[in-house]
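Here is the structure we will look at, set down as structure tokens.
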2 protein chains.
Amino acid sequence: MWQLFQFPLCPFSRKVRLLLGEKGVGYELVRESPWARRDEFLDMNPAGQTPVMVDRAAGVTLIDSNAICEYFEETIEKSPMIPGSAADRAEVRRLVAWFDQILYREVVAPLLYERMEKRIVHRLPPDAKVLREAMKLANTHLDYIDYLIDYRRWMAGPLFSLADLAATAHLSVADYLGGIDWRGHEPTRLWYAGQKSRPSFRPLLSERMEVVSPPDHYDKPDF
Amino acid sequence: MWQLFQFPLCPFSRKVRLLLGEKGVGYELVRESPWARRDEFLDMNPAGQTPVMVDRAAGVTLIDSNAICEYFEETIEKSPMIPGSAADRAEVRRLVAWFDQILYREVVAPLLYERMEKRIVHRLPPDAKVLREAMKLANTHLDYIDYLIDYRRWMAGPLFSLADLAATAHLSVADYLGGIDWRGHEPTRLWYAGQKSRPSFRPLLSERMEVVSPPDHYDKPDF
């Protein structure tokens with residue numbers, strides 16, 4: 001049985017969990033708080049980041065959300081999440097990198113730091129200026145996603161893919177932390193409403209991070 | 001003919017060029033300075049980052065160094081750079097992410113900003129404190145690479161891989177910018193001496209970035 005080391009608001013772990021859900025791979029959740037820098041976790045992953053997946057019986061440890069997703073894409077044929085031609089697959093990977101790097105850095109990471117880590121670790125209030133800037137940039141990202149969905153069936157093209165899962169993972173964490181204003185982003189809102197009804201996503205939506213509560217609309221199909 | 005948009009000290013473009021060299025893929029270099037934020041480049045890649053690869057005849061644009069490397073790994077059979085079993089491939093991808101994200105963020109990015117961008121764009125001297133911190137962290141990274149090479153034939157295991165190319169790309173940029181002290185890192189130094197003699201790397205070593213000069217030892221096989 002695979003073990004997945006993660007915490008409820010880790011967007012990279014959410015991306016992996018969505019992929020495992022789509023592919024029907026079972027796993028056990030192990031709670032890990034990377035900010036605690038636990039010795040045994042650092043021994044397993046010197047980068048100190050979640051997610052990490054371990055299959056002790058098989059002696060396999062997988063580290064880095066991209067390496068984990070590619071691993072299951074290669075080993076589990078069901079529901080290809082990097083589908084299509086080599087060029088199609090490059091577009092999926094481009095968008096995954098966009099969400100994992102740029103959306104994360106500009107929006108998700110500051111929200112996580114201000115609204116979660118500062119509260120749990122430093123016991124400090126969030127910086128309103130940083131939150132405002134993150135929400136402004138979130139709006140720009142939603143504009144870009146509106147544009148993608150306006151002329152494509154799914155995020156990366158005609159097929160549902162890891163790009164949709166990555167966007168769902170990051171936007172859902174930003175939404176949990178009150179960083180998303182859905183007004184004026186109808187294409188993205190409709191796409192996200194569809195995501196909320198996927199069996200791979202529903203279990204994640206019902207989980208809560210201690211101390212930090214999501215806004216009322218967070219897990220509602222109508223929002 | 002592929003065009004590669006890059007600048008001489010972009011570590012991500014270097015990684016792609018090393019892979020293309022190993023696989024024998026021809027390409028034309030197009031100089032792009034991401035800090036200039038040229039409109040036509042932003043239209044092509046909204047992330048505004050190098051490398052970007054374009055094959056105009058085929059109508060293909062590849063964006064993001066990871067997506068580009070996976071594309072050529074899938075389409076060009078010669079010299080597999082993500083070799084082995086699914087678990088072996090996950091280890092290659094873990095280390096590529098380590099070098100691209102952690103080595104880049106802690107060492108290469110601050111060196112590039114202080115020694116190149118500040119000089120070219122802001123016409124300011126580097127901050128000695130930031131440089132010292134980057135060089136200290138470089139030393140920690142070299143310790144980790146020493147450890148990897150001490151018990152493996154190559155960076156990710158028994159086979160030469162993209163992990164070696166990624167490490168070479170980032171370390172070579174850090175070395176160009178005077179950020180690497182090779183003393184006390186004999187395993188990594190010997191491995192890097194071997195890299196310097198590879199036909200895929202030699203052309204890159206002879207290129208220079210305007211205004212910024214490398215230390216004397218930079219392109220020497222003996223250093």
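Just so it is clear: chains get the letters A, B, ... in the order the sequence lines come, proteins before strands, and each one is counted from 1.
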*Verify the neighbour count for atom OH of A/Tyr144: are there more than 12 heavy atoms of other residues, nucleotides or ligands below 6.0 Å?*
yes

_Does any backbone or side-chain atom of A/Phe72 lie under 4.5 Å from a heavy atom of chain B? Answer side chain, backbone, both or neither._
neither

*Count the heavy atoms belonging to other residues, nucleotides or ligands that lie under 6.0 Å from CZ of A/Arg31, then report whether that count exceeds 12.*
yes

_Do the side chains of B/Glu73 and A/Arg93 get close enough for a salt bridge, i.e. N-O under 4.0 angstrom?_
no

_More than 12 heavy atoms of other residues, nucleotides or ligands under 6.0 Å from CZ of B/Arg119: yes or no?_
no

*Could you tell me which portion of A/Gln101 (side chain, backbone, both or neither) has an atom closer than 4.5 angstrom to a non-hydrogen atom of chain B?*
side chain

*What part of A/Leu62 gets closer than 4.5 Å to chain B, counting heavy atoms only: side chain, backbone, both or neither?*
side chain

_Between B/Glu70 and A/Arg89 (salt bridge meaning N to carboxylate O under 4.0 Å), is one present in this structure?_
no

*asked:* Counting heavy-atom pairs under 4.5 Å with chain B, which one of A/Ala97, A/Pro46, A/Ala87 comes out on top?
replied: A/Pro46

*Working to the nearest 0.5 Å, report the span between CH2 of B/Trp98 and CG of A/Asp64.*
11.5 Å

*Taking all heavy atoms of B/Ala90 and all of A/Ala67, pick out the closest pair and write down the distance.*
O-CB, 3.6 Å

